[in-house]
Amino acid sequence: MSAAVDLRAGAPKHFLDIKDFTPAELRALLDSAAHYKRAGRTGKKPLTGKTLAMIFEKPSTRTRVSFEVAVRALGGDAIVLSARDMQLGRGETIADTANVLSRFVDGIMLRTNAAEKLHELARHANVPVINGLTDLSHPCQIMADMLTFEEHRGPVAARKIAWVGDGNNVAASFIEAAARFGFTLHLACPPGYWPRAEVLEWARDEGADVEVTIEPEAAVAGAACVVTDTWLSMSDSVDQAAARAATFAPYQVTPALMALAAEGAIFQHCLPAHRGEEVAAAVIDGPASVVFDEAENRLHAQKAILAWCMG
Ligand code: CP
Ligand code: NVA
């Protein structure tokens, strides 16, 4: 683990962001994910007797189900908690919650509206904390995305991936992945919706090949994979929906846009998707789409993450 996360001897092995890991550590996680996928139901059970608490401040289908199934398949148990139903929702501090949960469970996964809460939880917990999505990042998703890319198109290093749409939390984790896995990432986002300057600056300092443009056609040119995500994330106000739909309309991933990518380019989306908004039905339901492999790979990638954190 990198020093940024693992300063204390015997500190819990948190999985907070892609950038906290070295390329070799991430590669080992991907290898482990592929191993778990091949092993299927006959895989090892390093979580036997262990319990993961999962706290959700926001809705989830894939993250909740894939983590729960992964923990059970690894021999452990999972408790799903809605922040609304916890004392956390009535003002109990994150620090106290972290200390209490650490007495009961062996790991905590958090999906939260505010990345600071994740980091505060990790500072106070004596057990590993896993990022199940914040307003700023979604690292578990990107591990599944890397696994999916490599299954379909071979090693991702030095390949070109295009992100089209909102420079959001998933885009930020893709940017971190570009630096760590060594692929070229060109993002096309409307003005005002570019990834955070801090993330872009970090990537540049790491020597990553990351560029942002306002032109989808330029971003996808020659890309081996085109990725998009919703135009309205869970942390965005629904009041913005109409204005965002208008701003993002030229950024829909259409068959015409896919035709500008490399021959045989694949299409990825973390889901949930909105056909006719960020992606045309003909693309997401067409032959280039690998979105359901990508969703399935959440399970395998998270088995690797859970085994590393808690095994
Ligand atoms: N991709 C993803 O994280 O999906 P959920 O919101 O359903 O968990
Ligand atoms: N950007 C989306 C991802 C959902 C998995 C959101 O935060 O709502």
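Ligands are counted one by one from 1 in listed order, and the atoms in each one are counted from 1 as well. What's counted below: heavy atoms across the whole structure, side chains too, no hydrogens, waters or symmetry copies.
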- Task: Could you tell me whether the side chains of S137 and N131 share a donor-acceptor contact shorter than 3.5 Å?
- Result: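 Their side chains do contain a donor-acceptor pair, which is all the 3.5 Å distance test asks for.
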
- Go through the side-chain N and O atoms of H124 and N99 and say whether any donor and acceptor fall under 3.5 Å apart.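 The answer is no; no qualifying pair exists.
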
- Do any heavy atoms of D166 fall under 4.0 Å from ligand 2?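 Contact absent.
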
- Item | Given R298, Q268, R62, the one that forms side-chain hydrogen bond (donor to acceptor under 3.5 Å, both in side chains) with Q141 |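 Considering R298, Q268, R62, a side-chain hydrogen bond (donor to acceptor under 3.5 Å, both in side chains) with Q141 is found only for R298.
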
- Message: I'd like to know if D285 pairs up with R275 as an ion pair, taking the criterion as any Lys NZ or Arg NE/NH1/NH2 lying under 4.0 Å from an Asp or Glu carboxylate oxygen.
- Response: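 Between R275 and D285 there is a salt bridge, with a charged N closer than 4.0 Å to a carboxylate O.
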
- Message: Can you tell whether the side chains of K19 and E206 come within less than 4.0 Å, N to carboxylate O?
- Response: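 No salt bridge links K19 with E206.
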
- Query: T148 pairs by side-chain contact (heavy atoms from CB on, under 4.5 Å) with which of E294, E296, H300?
  - Reply: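 Of all the options given, the one that passes is E294.
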
- Query: L52 pairs by side-chain contact (heavy atoms from CB on, under 4.5 Å) with which of D77, L306, D106?
  - Reply: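 In the set D77, L306, D106, the residue that makes a side-chain contact (heavy atoms from CB on, under 4.5 Å) with L52 is L306.
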
[atom]: nearest protein contact (heavy atom, Å):
{"atom": "atom 6 (C) of ligand 2", "answer": "S233 OG, 3.3 Å"}
{"atom": "atom 8 (O) of ligand 2", "answer": "M234 N, 2.8 Å"}
{"atom": "atom 7 (O) of ligand 2", "answer": "N169 ND2, 2.8 Å"}

- Message: Given a heavy-atom cut-off of 4.0 Å, could you list the residues near ligand 1 in chain and number order?
- Response: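 Residues near ligand 1: S60, T61, R62, T63, R111, H138, Q141, C270, L271, R298.
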
Would you please indicate yes or no on a ring centroid separation below 6.0 angstrom for [Y] and [X]?
{"X": "F248", "Y": "Y193", "answer": "yes"}
{"X": "F15", "Y": "F21", "answer": "yes"}
{"X": "Y251", "Y": "W163", "answer": "no"}

- Heavy-atom contacts under 4.0 Å between T63 and ligand 2: side chain, backbone, both, or neither?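 It is neither part, as no heavy atom is under 4.0 Å.
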
Does an N or O anywhere in [X] fall below 3.5 Å from an N or O of ligand 2?
{"X": "H138", "result": "no"}
{"X": "K58", "result": "no"}
{"X": "D229", "result": "yes"}

- Query: When you look at CZ of R64, are more than 12 heavy atoms from neighbouring residues, nucleotides or ligands closer to it than 6.0 Å?
  - Reply: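 Counting other residues, nucleotides and ligands, CZ of R64 stays at 12 neighbours or fewer.
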
- Closest candidate by heavy atom, reference atom 4 (C) of ligand 2, pool T230, D135, L133: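 The nearest heavy atom belongs to L133.
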
- Nearest option to atom 5 (C) of ligand 2, as decided by whichever heavy atom of D236, V170, T61, L271 sits closest: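 Looking at heavy atoms only, L271 sits closest to atom 5 (C) of ligand 2.
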
